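Everything below concerns the one structure shown next.
Note: hydrogens, waters and symmetry copies are ignored here, and every other heavy atom, side chains too, is used. Residue numbers count from 1 along this sequence. Predicted model, so just to flag it, every value in this text is computed and none were measured.
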Amino acid sequence: MTESKKHHYVPQSLLRNFKYDKNKIFVFDKKRKVSYPSSIIDAGSENHFNTVVRNGERLNFEALFQKNDDDLACLVEKIIDNRNTHCLTVLDKEKLLSVVVVQIIRTKMYRTSMKSVSEQLMRQFSEKEWDLDLEIPTENDVRESSLSSYKYFKSQMEAISGKVGFLIRSNTNEDFIISDNPITRHNTFPYGGVGLSCHGIEVYFPISPNLTFALYCPTIIKKMNSYVVYQPESRTKTLYQSILKGIDTGVPVTLGKTTSKFLNSLQVSNSSRFLYSNSKDLFCNANEIINKNPDLAEVKTQITVGEMGKAPINNKMPDGEWVVIHSTHDHHMFPVFNVSNEIGDFKFSIKRNNDIEGVLSSMNIKEISLFKNGSEVSHMKDVRLEFSIKNTSELMIKVLHKLDFLNKIIASKKEA
């Protein structure tokens, strides 16, 4: 039996949904800034991409993806034909989540990230003149590591299983595109990360030029519901009502007039190098983005190793002092003042507000962070809050451990 040579990191069945001819698709090379037609079989692939060498023997694990790719083809066809997520059975939904996790792990970006992070660390070690016996992983090392990462599949599935899935439709004047790293992640909250377990995470998976499958953190849906109930009529409220209805009915929804532009921009910024579509015209926006952000022309990783010994700066956070609180099913951010952040004496004040006070008093807090000008200067887990009314406009809050014996130990050390 002939061993396969051309290995796909984007399944052919998915690419076919973006074809412009029988077996043709347009490709945009971000690095060279050129677009060209390609056969489906040549797009989203690399020779021997899923091959490793062990003890001098070449091992091909491309066949391991066949069941996954078959499931993807059937599920996506079913969704497109019905234009509704309610056509999916419980088993279908489980398979779809599995497909998403596998697609995240199998891309080139996943592999180049391993090498890029190692290079960033080595560079810092060298600058500090630390003589450590470390080496940059070889291409075969990276492939081996990528294959072994599937042992974390179960934890990835657990992280994604609680998300709320729904369909998003493209704007009438602009179709969706796809890339060599098709599943993108975004977080609207300034303190939010893009890990699958992060509060506020949004996951987007284009499955055709007109449809994207989305997965939202349930805390987003909770905040949308709250907004719809308590806020006056507005465009935002109408948009949230539409999304919530789409989730309930299974029909595709819009995220507004810039739906396609927003989701396509995520494909541009999150892809390694190549974009795919059914029209060359859809790459115009990609060119503009790359001209403004040349670093996006070829992306090796989305992970930046911060400088050792320094707290990383979150450029999305506003200036000033802010507290971010996470419970199991919710999260909030608000400005604070009169902050004391000594060991055993973490306290701050907020302006009195019935809504905020109600939220804080009812939260079972998992963790709390203090940010100052974008830098996280304090972080505690498993805490409780102690309230003290200073005056009619100020509420002082002290952060304590849930376990009282820890508070007593800290207090005794402070007194000593």
Side-chain angles (χ1 to χ4, degrees), residues 8-19 40 44 61-107 110 149-170 175-179 181-186 195-197 201-222 224 242-255 259 263 266-267 276:
H8 283 80
Y9 39 78
V10 182
Q12 294 183 71
S13 64
L14 186 60
L15 292 170
R16 288 192 191 99
N17 293 336
F18 294 83
K19 66 185 179 184
I40 298 292
F61 56 94
E62 170 74 359
L64 295 178
F65 295 105
Q66 192 58 56
K67 176 65 167 58
N68 178 83
D69 292 354
D70 290 343
D71 286 342
L72 171 66
C74 292
L75 291 168
V76 169
E77 182 180 11
K78 192 173 184 179
I79 294 172
I80 293 174
D81 287 347
N82 289 273
R83 287 187 67 83
N84 195 302
T85 55
H86 285 186
C87 66
L88 300 177
T89 65
V90 173
L91 181 58
D92 286 340
K93 292 176 181 177
E94 185 177 335
K95 287 182 179 179
L96 185 56
L97 294 180
S98 174
V99 163
V100 169
V101 170
V102 170
Q103 183 57 55
I104 290 172
I105 297 173
R106 75 188 291 183
T107 60
Y110 192 86
S149 66
Y150 283 89
K151 64 186 177 184
Y152 302 115
F153 174 81
K154 184 177 179 181
S155 62
Q156 294 276 60
M157 280 292 289
E158 290 174 352
I160 205 170
S161 291
K163 306 297 182 284
V164 180
F166 62 101
L167 291 175
I168 300 172
R169 67 176 186 272
S170 61
D175 284 345
F176 293 135
I177 64 173
I178 198 169
S179 73
N181 188 31
I183 297 178
T184 61
R185 287 176 268 181
H186 178 73
L196 292 177
S197 298
I201 187 66
E202 306 164 18
V203 181
Y204 298 105
F205 184 16
I207 58 174
S208 82
N210 309 118
L211 290 175
T212 285
F213 178 66
L215 288 163
Y216 273 18
C217 172
T219 64
I220 299 175
I221 309 306
K222 180 177 181 178
M224 284 186 181
S242 173
I243 293 174
L244 293 172
K245 183 178 179 180
I247 293 172
D248 186 51
T249 61
V251 301
V253 303
T254 177
L255 300 182
T259 299
L263 294 184
L266 291 181
Q267 292 294 319
Y276 314 105

With sequence neighbours excluded, tell me which residues meet side-chain contact (heavy atoms from CB on, under 4.5 Å) with [X].
X	value
A73	S13
R106	P11, F65, N68, D69, V102, Q103, Y150
D92	L75, K78, L88, T89

Knowing that exactly one of V253, V251, I79 qualifies, which makes a side-chain contact (heavy atoms from CB on, under 4.5 Å) with L167?
I79
Show the nearest heavy-atom pair for residues [X] and [Y], with the distance to one decimal.
X	Y	answer
L15	I40	O-CD1, 3.9 Å
I207	I80	O-CD1, 3.8 Å
D248	H86	O-CE1, 2.8 Å
T212	P206	OG1-CA, 3.5 Å
E62	H8	OE2-N, 3.6 Å
V10	S179	CG2-O, 3.6 Å

Between atom [atom1] of [X] and atom [atom2] of [Y], what is the distance when rounded to the nearest 0.5 Å?
X	Y	atom1	atom2	value
L196	Q156	CG	CD	5.0 Å
I177	Q267	CD1	CD	6.0 Å
I160	I104	CD1	CD1	5.0 Å
E77	S208	CD	OG	12.5 Å
T259	F176	OG1	CZ	6.5 Å
S98	K67	OG	NZ	8.0 Å

Step through the shown structure and confirm whether more than 12 heavy atoms of other residues, nucleotides or ligands are within 6.0 Å of OH on Y152.
no
For a 4.5 angstrom cut-off between non-hydrogen side-chain atoms, does L72 reach L14?
yes
Ignoring hydrogens and angles, tell me if any N or O in the side chain of N84 forms a donor-acceptor pair with the backbone of T249 under 3.5 Å.
yes
Donor-acceptor contact below 3.5 Å, side chain R169 vs main chain P252:
yes
Pairing residues for N17 by the side chain to side chain donor-acceptor pair (under 3.5 Å) criterion, not counting sequence neighbours:
none
Walk me through it: do I168 and L263 pass the test side-chain contact (heavy atoms from CB on, under 4.5 Å)?
CA-CA 10 Å; I168 300 172; L263 294 184; 4.2 Å; yes
Check against side-chain contact (heavy atoms from CB on, under 4.5 Å), Y204 and L255:
CA-CA 12 Å; Y204 298 105; L255 300 182; 4.2 Å; yes
The criterion is salt bridge (Lys or Arg N to Asp or Glu O under 4.0 Å); which residues satisfy it with K222, sequence neighbours excluded?
D330
Salt bridge (Lys or Arg N to Asp or Glu O under 4.0 Å) against D175, all qualifying residues, sequence neighbours excluded
none
May I have the step-by-step check of side-chain contact (heavy atoms from CB on, under 4.5 Å) for T85 and F166, ending in yes or no?
CA-CA 7 Å; T85 55; F166 62 101; 5.6 Å; no
Report the C-alpha distance between L266 and R185 in whole Å, list the side-chain angles of each, state the deciding distance to 0.1 Å, and finish with yes or no for side-chain contact (heavy atoms from CB on, under 4.5 Å).
CA-CA 8 Å; L266 291 181; R185 287 176 268 181; over 6 Å; no
